[in-house]
Amino acid sequence: MVLTPPGDPRIAGPSIAGPSNGGPGNGGPSEHGTGKTQLAAALARALWETRTVDLLVWVTAISRDAIVTAYAQALTDVEMAEQDEDPEADASQFLAWLAETSRPWLVVLDELADPADLAGLWPQGAAGRVLITTRRRDATLRGPDRRIVPVGPFTLREALAYLTARLHDDPGQRTEALDLAKDLSCHPLALAQAAALLTDTGASCREYRLWSADRRRYLASAASGDLPSALEVTWSLSIERANQLPPAGLAEPALVLTALLDPSGIPGAALLSYAACSYITGHDATTADQAEVRDAVNNLHRLGLLTINPTSAARTAAAHAIVKALVLKSLTPDELDLAVHAAADALLESWPQRDAERPLLAQALRDSTAILNQAGSGLLWSPQGHGVLIRAGQSLDAARLRGASIAYWQDMSAASARQLGPGHAQTLLFRDHLAGAEGKAGQSGAAIGMQERTLADRERALGPSHPETLTSYGELAHAYQKVGRLDDAIALFERTLSDREWVLGADSPDTITARGHLAQAYQQAGRLKEAIPLYERILADRERAQDRDHPDTLTARGQLAQAYQHAGLVNEAIPLYERILAERERAQGRDHPDTLTARGHLAYAYRTAGRLKNAIPQYEKTLAGRERVLGAAHPDTMTARSNLANAYYAARRVKDALPQYARTLADRERAQGRDHPDTLTARGNLASVYHAAGRLTDALPLYQQTLADSERVLGRDHPLTQTMRENLAALGQE
């Protein structure tokens, strides 16, 4: 997308082969109705090839989240930074960069669906230009330094020039070209389809006019006398020809499937999925059928009925919105139902497991899902909501598009209530997703309210002991726990555990998990006397049901050890930590992150028990392992070094502690900056050790610097600021 020109508006993606230059489907504004996208692509390509711009961003602006996703990806593509967990923030950062950079840039926002989607997302900057294609004429698009250029049908002269250029190889084909242009009302898309058919068959414009007249009469008769438009005629002739080309009969269902999805482009993987191929071929597809479908799709390109973008895996194939409307108009209700479900299955099959790794592909799939749901007019809700509707929402969740995610789940919850009923299991499932999205967006009050209502509905519809009701109890309890309503959380966790024991049995995996949730809530509430017996029971259950080095068993042992330690029972905790370390070393190796963490826990337990001679070797091994695996500058390595330094100091090995404190400070300054809170703490620690060692001339400037920086960064009342102030005062009295 960035640093390369936009894909050529022909068709031929990584999975669908097609011509890379020229060809019947190429050649002018005609491919996109009135030519907005084609003209934008031509301008962008000209600016790129003449090096007038050296940064080009092409955005399919079908929705706000599509724009945000494209900007966030652009942030990474220009090698500014890795994407973080907030695409909106990434988009803002990219726009800020555009505003400041001196590199000449062009941002193309193609097929802008709603100008309101650009609120806060208009690219600005002295070095750049913005080009928008849209069917909208909203007043918000007007403004200073903006030029609006209407793009309409060809003039008669332009139409004749277009046909002449397309039929340049055989002048005889151009006989009655002017009359054909008039017949087709000079409409670019109709001219493109006619020219593609003429090129494919070698017929003349005169012959095409005869075909067209016959087809118009036939369509008028079929439509009870209504005169068909020029586009209806050209489309009908073109799809007939495409269907005749080998593999015969596959072009039309391939076009139907494409027309149901996003006209801005759909992934090639969706068209070549087994679900799509099965629909197109009419039988359970095999790998061999994919080759035939690929040929059928390229026949559609050949006849100008769709386009292929050879550079985009996300938006490989596209049928123009006008073609889409004509195709859908030709379908019977039963045909539409079959095609809609096949398209939904194809989208679901081609969805990547990890959306974050392919954000533009995931966005294209979400866009197609929205278009399909609209085109299907409720068909995706029979007999219940299709799985692709849930997958699209999960994709928004994974993309961390919080606002879009909440809006989507709200829409799906309302639609499910209308289509299936407010108490239907799937309606309640959509509401669960809505509550989850609200919770992730920090709207804990709204999320809890939704979960409480959903739980009440499940209790009425399914009963208090139904597995789905019990799951709702647990989810609401977690929500209470997250916002600190521990008494409410514990009451629900207790009820969930009791009901699971009664329904599933005391040793069921779900029951053991519920017991763990209750134990954690007890521990968080400081009720360790109640938590520890549960942790002991869980460990016994895990050891009985699973291997001793099973991850769940090791986790249970670690939870019990930590509970012992928090309760001051460090002597009971240490044997557990020792066993965990031994088992992790045996099962995962000495350098596995879990093993290094287990060693650190054991070292801390030894130190808590006053066994510094045992603690220090474990701290040393932990630091060595962190350096070996993660490198010296990794945050976990710096923490391990600081822990070792503290252990040396506690053991009165000041000469050993000082180099570790000094190295920790140097590493944190280099990796985190001089003003990072961890760096300030490291500087204060080094000053304190100098002070304790009697090196007052070394301690004084560090105390002064840390105090000044801490006041500036953390504030006068921060604990570190107060400690530095007290230490500096004590030093002055010595």
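Since we're looking at a predicted model, the values are computed, not measured.
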Legend entry - Presence of salt bridge, R400 and D90, under 4.0 angstrom: no
Legend entry - Test item: R64 side-chain N/O and A119 main-chain N/O as donor-acceptor pair under 3.5 Å: yes
Inset, instruction - Show your working on salt bridge (Lys or Arg N to Asp or Glu O under 4.0 Å) between R458 and E475 and close with a plain yes or no. - result: CA-CA 13 Å; R458 279 205 171 99; E475 290 174 350; 5.3 Å; no
Legend entry - pair V503-S508: side-chain heavy atoms closer than 4.5 Å: no
Legend entry - E111 with R315: basic N within carboxylate O range, under 4.0 Å: no
Inset, instruction - To the nearest 0.5 Å, tell me how far L261 CG sits from I371 CD1. - result: 9.0 Å
Inset, instruction - Can you see which heavy atom on A461 is nearest to which on G423, and at what distance? - result: CB-O, 4.3 Å
Legend entry - Spacing of CG belonging to L271 relative to CD belonging to Q290, to within rounding of 0.5 Å: 11.0 Å
Legend entry - G463 backbone acceptor or donor facing T469 side chain under 3.5 Å: yes
Legend entry - Flag side-chain contact, heavy atom, 4.5 Å: D636 against L596: no
Inset, instruction - Write down the atom of T258, the atom of A318, and the distance for their closest heavy-atom approach. - result: CG2-C, 4.4 Å
Inset, instruction - Mind checking the CZ-CG spacing from F493 to L476? Nearest 0.5 Å is all I need. - result: 9.0 Å
Inset, instruction - Please assess W351 against R366 for the test side-chain contact (heavy atoms from CB on, under 4.5 Å), listing each intermediate value before the final yes or no. - result: CA-CA 9 Å; W351 217 297; R366 292 196 296 269; 3.7 Å; yes
Legend entry - Donor-acceptor under 3.5 Å (D289 side chain, T286 main chain): yes
Inset, instruction - Please determine if R431 and E438 form a salt bridge, counting it only when a charged side-chain N lies under 4.0 Å from a carboxylate O. - result: no
Inset, instruction - Answer yes or no: is there a side-chain heavy-atom contact under 4.5 Å between N643 and Y604? - result: no
Inset, instruction - Could you verify whether a donor N or O on one side chain and an acceptor N or O on the other, from Y71 and S92, lie under 3.5 Å apart? - result: no
Legend entry - Main-chain N/O of L360 paired with T69 side-chain donor or acceptor, under 3.5 Å: no
Legend entry - Sub-4.5 Å side-chain heavy-atom contact between L576 and E572: no
Inset, instruction - Over 60° means perpendicular and under 30° means parallel, so classify the ring planes of H601 and Y577, tilted if in between. - result: tilted
Inset, instruction - Could you go through the side-chain contact (heavy atoms from CB on, under 4.5 Å) check for L112 and L118 one step at a time? - result: CA-CA 9 Å; L112 178 65; L118 278 179; 3.7 Å; yes
Inset, instruction - Search all heavy atoms of G378 against all heavy atoms of Q419 and return the closest pair with its distance. - result: CA-NE2, 4.2 Å
Legend entry - Salt-bridge criterion met for E88 and R402 (N-O under 4.0 Å): no
Inset, instruction - Only counting residues at least two apart or in another chain, list the ones meeting side chain to side chain donor-acceptor pair (under 3.5 Å) with Y279. - result: none
Inset, instruction - Report the distance from atom CG of L429 to atom OG1 of T471, rounding to the nearest 0.5 Å. - result: 11.0 Å
Legend entry - Min side-chain heavy-atom separation H386-V340 under 4.5 Å: no
Inset, instruction - Please answer whether the main-chain N or O of G385 pairs with a side-chain N or O of Q426 as donor and acceptor at a distance below 3.5 Å. - result: yes
Legend entry - Heavy-atom check, side chain of D345 versus side chain of Y274, under 4.5 Å: no
Inset, instruction - Might you work through the side-chain hydrogen bond (donor to acceptor under 3.5 Å, both in side chains) test for Y408 and Q394, ending with a clear yes or no? - result: CA-CA 10 Å; Y408 181 84; Q394 292 172 330; over 6 Å; no
Inset, instruction - Applying side-chain contact (heavy atoms from CB on, under 4.5 Å), run through T369 and L372 and close with a yes or a no. - result: CA-CA 5 Å; T369 301; L372 177 63; 5.7 Å; no
Inset, instruction - Could you tell me how the ring of H517 sits relative to the ring of H478: parallel (under 30°), tilted (30 to 60°) or perpendicular (over 60°)? - result: perpendicular
Legend entry - Enclosure of R485 CZ (heavy-atom neighbours >12, cutoff 6.0 Å): yes
Inset, instruction - Test E585 against every option in R599, H592, R590 by the side-chain hydrogen bond (donor to acceptor under 3.5 Å, both in side chains) rule and name the one that passes. - result: R599
Inset, instruction - Would you check if there is a donor-acceptor pair between the side chains of H341 and D337 at a distance under 3.5 Å? - result: yes
Inset, instruction - Give the minimum heavy-atom separation between Q363 and S63, together with the two atoms involved. - result: NE2-OG, 3.8 Å
Inset, instruction - Measure from the side-chain N and O atoms of S273 to the backbone N and O of A270, and report whether any donor-acceptor pair falls under 3.5 Å. - result: yes
Inset, instruction - Return yes if some donor-acceptor pair links the side-chain N/O of T316 with the main-chain N/O of P267 below 3.5 Å, else return no. - result: no
Legend entry - Trace of the side-chain contact (heavy atoms from CB on, under 4.5 Å) decision for L336 with L260: CA-CA 9 Å; L336 179 63; L260 282 168; 3.9 Å; yes
Legend entry - Heavy-atom side-chain proximity of S264 to D367 below 4.5 angstrom: no
Legend entry - R453/D457 ion pair, N-O < 4.0 Å: no
Inset, instruction - Please report the closest heavy-atom contact between I67 and V59, naming both atoms and the distance. - result: CA-CG1, 4.0 Å
Legend entry - Side-chain donor-acceptor contact under 3.5 Å, D499 with S465: no
Inset, instruction - State whether the side chain of S416 and the backbone N or O of S413 hold a donor-acceptor pair below 3.5 Å, judged by distance alone. - result: no
Legend entry - T597 side chain vs P593 backbone, donor-acceptor pair below 3.5 Å: yes
Inset, instruction - Can you measure from CG (L581) to CG (D594) and round to the nearest 0.5 angstrom? - result: 11.5 Å
Legend entry - Spatial distance of atom CD (Q481) from atom CD1 (I490) [nearest 0.5 Å]: 8.5 Å
Inset, instruction - Could you check if a side-chain atom of E583 sits within less than 4.5 angstrom of a side-chain atom of R557, using non-hydrogen atoms only? - result: yes
Legend entry - Qualifying residue for salt bridge (charged side-chain N to carboxylate O under 4.0 Å, His left out) with R515, from E530, E501, E536, E494: E501
Legend entry - Sidechain-backbone polar pair: T595 side chain, G589 backbone, donor-acceptor under 3.5 Å: yes
Legend entry - Flag if over 12 foreign heavy atoms under 6.0 Å of CZ, R544: yes
Inset, instruction - Give a yes or no on whether R495 atom CZ has more than 12 heavy-atom contacts from other residues, nucleotides or ligands under 6.0 Å away. - result: yes
Inset, instruction - Taking all non-hydrogen atoms of both residues into account, name the closest pair between A346 and A275 and its distance. - result: N-CB, 3.7 Å
